[in-house]
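Take a look at the structure below.
Counting begins at 1 with the first residue of the sequence. Quantities reported herein were computed from a predicted structural model and do not represent experimental measurements.
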Amino acid sequence: QVQLVESGGGFVQPGGSLRLSCAASGFTFSFSSYDMSWSRQAPGKERESVATISNGGSTNYADSVKGRFTISRENAKNTVYLEMNSLKPEDTAVYYCVAVRNGWKTWGPYWGQGTQVTVSS
């Protein structure tokens, strides 16, 4: 079974930093063939994608986090990361790791259980 396990969330002050990790397992195909992303959801609000990294390593970011967040992956470790800098209270949300593979068919999207990030003074 596909499993995506997020970790690294916590409580930080505005301007602080956190690094989230997502450990993947159970894929039918190589982890390196999947597009990975991070999404977040605050209470009462819609879930939004904040960062993506393709199977080829190209990245995209939501305007709200551009210049502050960095998504990366280590394929040998089946892991994707989200480095978050200059955190703001509005970044407070549950952050989810998402995986999808496009080929002769679509595998996923698969979602992790989420990790809480709280930014407050």
Side-chain angles (χ1 to χ4, degrees):
Q1 296 181 350
V2 172
Q3 287 191 318
L4 301 172
V5 181
E6 301 97 333
S7 62
F11 185 96
V12 296
Q13 294 182 327
S17 299
L18 283 175
R19 188 178 80 160
L20 307 183
S21 298
C22 171
S25 63
F27 286 150
T28 300
F29 302 94
S30 172
F31 172 78
S32 64
S33 69
Y34 289 77
D35 299 327
M36 304 296 296
S37 66
W38 288 93
S39 294
R40 68 185 181 187
Q41 186 169 31
K45 296 185 177 180
E46 289 288 308
R47 189 172 297 182
E48 62 171 344
S49 177
V50 298
T52 62
I53 184 165
S54 73
N55 57 3
S58 62
T59 59
N60 284 291
Y61 300 92
D63 289 340
S64 59
V65 307
K66 194 170 297 180
R68 300 187 297 119
F69 290 11
T70 302
I71 188 171
S72 61
R73 64 195 298 165
E74 289 189 71
N75 290 332
K77 295 183 178 180
N78 289 359
T79 301
V80 62
Y81 305 96
L82 184 68
E83 294 186 18
M84 305 184 294
N85 303 125
S86 301
L87 283 162
K88 305 174 180 179
E90 50 263 45
D91 294 319
T92 296
V94 177
Y95 284 72
Y96 298 89
C97 179
V98 189
V100 64
R101 184 181 189 273
N102 293 302
W104 66 272
K105 61 172 286 186
T106 297
W107 287 264
Y110 305 102
W111 292 77
Q113 83 290 345
T115 185
Q116 177 71 47
V117 172
T118 302
V119 185
S120 177
S121 59

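In this structure, Ala42 and Ala93 approach most closely via the heavy-atom pair N-CB, 3.9 Å. A pairwise comparison of heavy atoms in Ser49 and Ala62 identifies O-CB, 3.6 Å as the closest pair.
Counting heavy atoms from C-beta outward, Tyr34 and Asn75 have side chains that stay 4.5 Å or more apart. Using a 4.5 Å heavy-atom cutoff, the side chains of Thr70 and Tyr81 are not in contact. In this structure, Tyr61 and Arg68 have side chains that are not in contact, with every pair of non-hydrogen atoms separated by 4.5 Å or more. Asp91 places none of its side-chain heavy atoms less than 4.5 Å from the side chain of Met84. For the pair Leu4/Trp111, no side-chain contact is recorded, criterion being any heavy-atom separation below 4.5 Å from C-beta on. Side-chain atoms of Thr52 and Asp35, non-hydrogen and from C-beta on, never get closer than 4.5 Å to each other. Put simply, the side chain of Glu90 does not reach to within 4.5 Å of the side chain of Val119, judged on heavy atoms.
Going from atom CZ of Phe27 over to atom CD of Gln1 covers 13.0 Å, rounded to the nearest 0.5 Å. Interatomic distance, Glu83 CD to Ser21 OG, rounded to the nearest 0.5 Å: 9.5 Å. Annotation: the span from Ile53 atom CD1 to Met36 atom CE amounts to 9.5 Å, rounded to 0.5 Å. Taken from CZ in Arg73 to CG in Asn55, the straight-line distance is 7.0 Å, to the nearest 0.5 Å. Put simply, SG on Cys97 and CH2 on Trp38 are 5.0 Å apart, with the number rounded to the nearest 0.5 Å.
Remark: Arg101 qualifies as a cation-pi partner of Phe29 under the 6.0 Å distance and 45° angle criteria applied to the six-membered ring.
Side-chain contact annotation: Asn85 with Ser17, donor-acceptor N/O pair under 3.5 Å present. Defined by atom type and a distance below 3.5 Å, a donor-acceptor pair is missing between the side-chain atoms of Arg47 and Ser39. Counted by atom type alone, Tyr95 and Arg40 present one or more donor-acceptor pairs between their side chains at under 3.5 Å. Between Ser120 and Thr118, the side chains place no donor N or O within less than 3.5 Å of an acceptor N or O (distance only, hydrogens not considered).
Of the possible polar contacts, none joining the Glu6 side chain to the Cys22 backbone as a donor-acceptor pair under 3.5 Å is found.
Hydrophobic clustering of Ile, Leu, Val, Met, Phe, Trp and Tyr side chains at less than 4.5 Å, counting indirect connections, keeps Val100 apart from Val98.
Among residues two or more places apart in sequence or in another chain, the salt bridge (charged side-chain N to carboxylate O under 4.0 Å, His left out) test is passed with Lys88 by none. Every residue was checked against the ring pair (Phe, Tyr, Trp, His ring centres under 6.0 Å) condition with Tyr110, not counting sequence neighbours, and none meets it.
Val117 pairs with exactly one of Thr92, Val94, Leu20 by the side chain to side chain contact (heavy atoms under 4.5 Å, CB included) rule, that one being Leu20.
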